[in-house]
Student: 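Take a look at this one; I'll ask things after.
The figures that follow rest on heavy atoms only: side chains count, while hydrogens, waters and symmetry mates do not.
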Amino acid sequence: MTMNAIKKKVVLWLRRGITPQRLALTLALGFAIGCLPLVGVTTGICLIVASCLRLNSPAIQAANWVAMPFQVALVVPFVRLGGRLLGFGADHAVTMSALMHGPSFAMVASMGWLAGQAMLAWLVIAIPAVLLMTATLTLLFQHVPAVAEAGSTR
């Protein structure tokens, strides 16, 4: 494969999904997935989503990486919101002491339950957030000449 063929493939890969609507959806999904309360899986999920929906991979990863500080900061609020959504009060709160000093199976089960609560809360927040971010970013990108031009040539 020649260097020119490689350059053409890279340029096509970088420009894939660069209409205002597609770029807005890409960034919104990347940011929302980046806030997923399961640390260590967002990059792979972004790759799969970008591949399946034919979105711009570098853009979705950039949004994912921008969101990573929020991911860590939102774990506890997501767990608490998930507990409230499922109707659990302070009686069902899991303390660090109970996790560390209980049986191993109980610790794994509690961590899984907490992850499930956090995922439920993330879904409740992420779906409307992606819709709102996509709409807002689409309007914004329609006024960016380079992006608007890319969308009009398709």
Side-chain angles (χ1 to χ4, degrees), residues 9-10 12-144 146-147 150-151 154:
K9 285 189 178 211
V10 168
L12 286 174
W13 178 65
L14 289 173
R15 289 190 178 174
R16 185 166 86 181
I18 300 290
T19 65
Q21 298 83 7
R22 302 279 292 171
L23 185 58
L25 177 64
T26 300
L27 294 176
L29 284 172
F31 191 84
I33 293 168
C35 291
L36 191 74
L38 298 175
V39 178
V41 299
T42 59
T43 299
I45 292 173
C46 281
L47 283 172
I48 292 167
V49 168
S51 182
C52 290
L53 298 179
R54 301 188 54 82
L55 300 174
N56 187 290
S57 293
I60 201 169
Q61 290 302 340
N64 173 32
W65 294 331
V66 165
M68 282 188 183
F70 296 102
Q71 178 187 34
V72 175
L74 291 172
V75 169
V76 172
F78 279 147
V79 169
R80 288 183 179 165
L81 177 59
R84 285 189 179 156
L85 290 171
L86 293 172
F88 300 137
D91 299 340
H92 286 78
V94 178
T95 64
M96 190 58 79
S97 175
L99 285 175
M100 298 311 243
H101 299 294
S104 298
F105 177 75
M107 180 180 79
V108 171
S110 293
M111 293 299 284
W113 186 244
L114 291 175
Q117 289 177 356
M119 286 297 298
L120 172 65
W122 176 81
L123 276 172
V124 167
I125 301 287
I127 293 169
V130 166
L131 295 174
L132 182 64
M133 284 188 287
T134 301
T136 304
L137 289 172
T138 298
L139 291 173
L140 179 73
F141 290 148
Q142 288 173 342
H143 298 290
V144 175
V147 178
R154 294 204 174 239

Student: Nearest heavy-atom pair of Leu120 and Gly82: which atoms, and what distance?
Tutor: CD2-O, 4.3 Å
Student: Can you measure from CZ (Phe78) to CG (Leu85) and round to the nearest 0.5 angstrom?
Tutor: 11.0 Å
Student: I need the Thr138 OG1 to Leu23 CG distance, nearest 0.5 Å.
Tutor: 8.5 Å
Student: Spell out, as yes or no, whether a donor-acceptor pair under 3.5 Å connects the side chain of Trp122 to the backbone of Ala32.
Tutor: yes
Student: Grab the two heavy atoms, one from Leu27 and one from Ala59, that are nearest each other, plus how far apart they are.
Tutor: CD2-O, 3.5 Å
Student: Output all residues satisfying side chain to side chain donor-acceptor pair (under 3.5 Å) with Gln71, sequence neighbours left out; order by chain, then residue number.
Tutor: none
Student: If you measure from CG on Leu36 to CZ on Phe31, what distance do you get to the nearest 0.5 Å?
Tutor: 13.0 Å
Student: Report the C-alpha separation of Leu29 and Leu55 in whole Å, then their side-chain angles, then the decisive distance to 0.1 Å, and conclude whether the side-chain contact (heavy atoms from CB on, under 4.5 Å) test is met.
Tutor: CA-CA 10 Å; Leu29 284 172; Leu55 300 174; 3.8 Å; yes
Student: With a 4.5 Å heavy-atom cut-off, do Trp113 and Leu86 have their side chains touching?
Tutor: yes
Student: Could you tell me the separation between the CD1 atom of Ile33 and the CG atom of Leu38, rounded to the nearest 0.5 Å?
Tutor: 12.0 Å
Student: Rounded to the nearest 0.5 Å, what's the gap from CG on Leu25 to CZ on Arg22? Could you check?
Tutor: 7.0 Å
Student: Heavy atoms only: give me the nearest Asn56-Thr26 pair and the separation to one decimal.
Tutor: O-CG2, 3.4 Å
Student: Could you tell me the separation between the OG1 atom of Thr43 and the CD1 atom of Ile48, rounded to the nearest 0.5 Å?
Tutor: 11.0 Å
Student: Let's go through Thr42 and Asn64 carefully: what are the C-alpha distance in whole Å and the side-chain angles of both, what is the deciding distance for side chain to side chain donor-acceptor pair (under 3.5 Å) to 0.1 Å, and is it a yes or a no?
Tutor: CA-CA 7 Å; Thr42 59; Asn64 173 32; 3.1 Å; yes
Student: Would you sort out whether Gln142 and Leu139 count as a side-chain contact (heavy atoms from CB on, under 4.5 Å), showing the intermediate values?
Tutor: CA-CA 5 Å; Gln142 288 173 342; Leu139 291 173; 4.0 Å; yes
Student: Any idea which heavy atoms bring Ala28 and Leu137 closest together, and the distance?
Tutor: N-CD1, 4.4 Å
Student: Could you walk me through whether Ile45 and Val49 pass the side-chain contact (heavy atoms from CB on, under 4.5 Å) check?
Tutor: CA-CA 6 Å; Ile45 292 173; Val49 168; 4.1 Å; yes
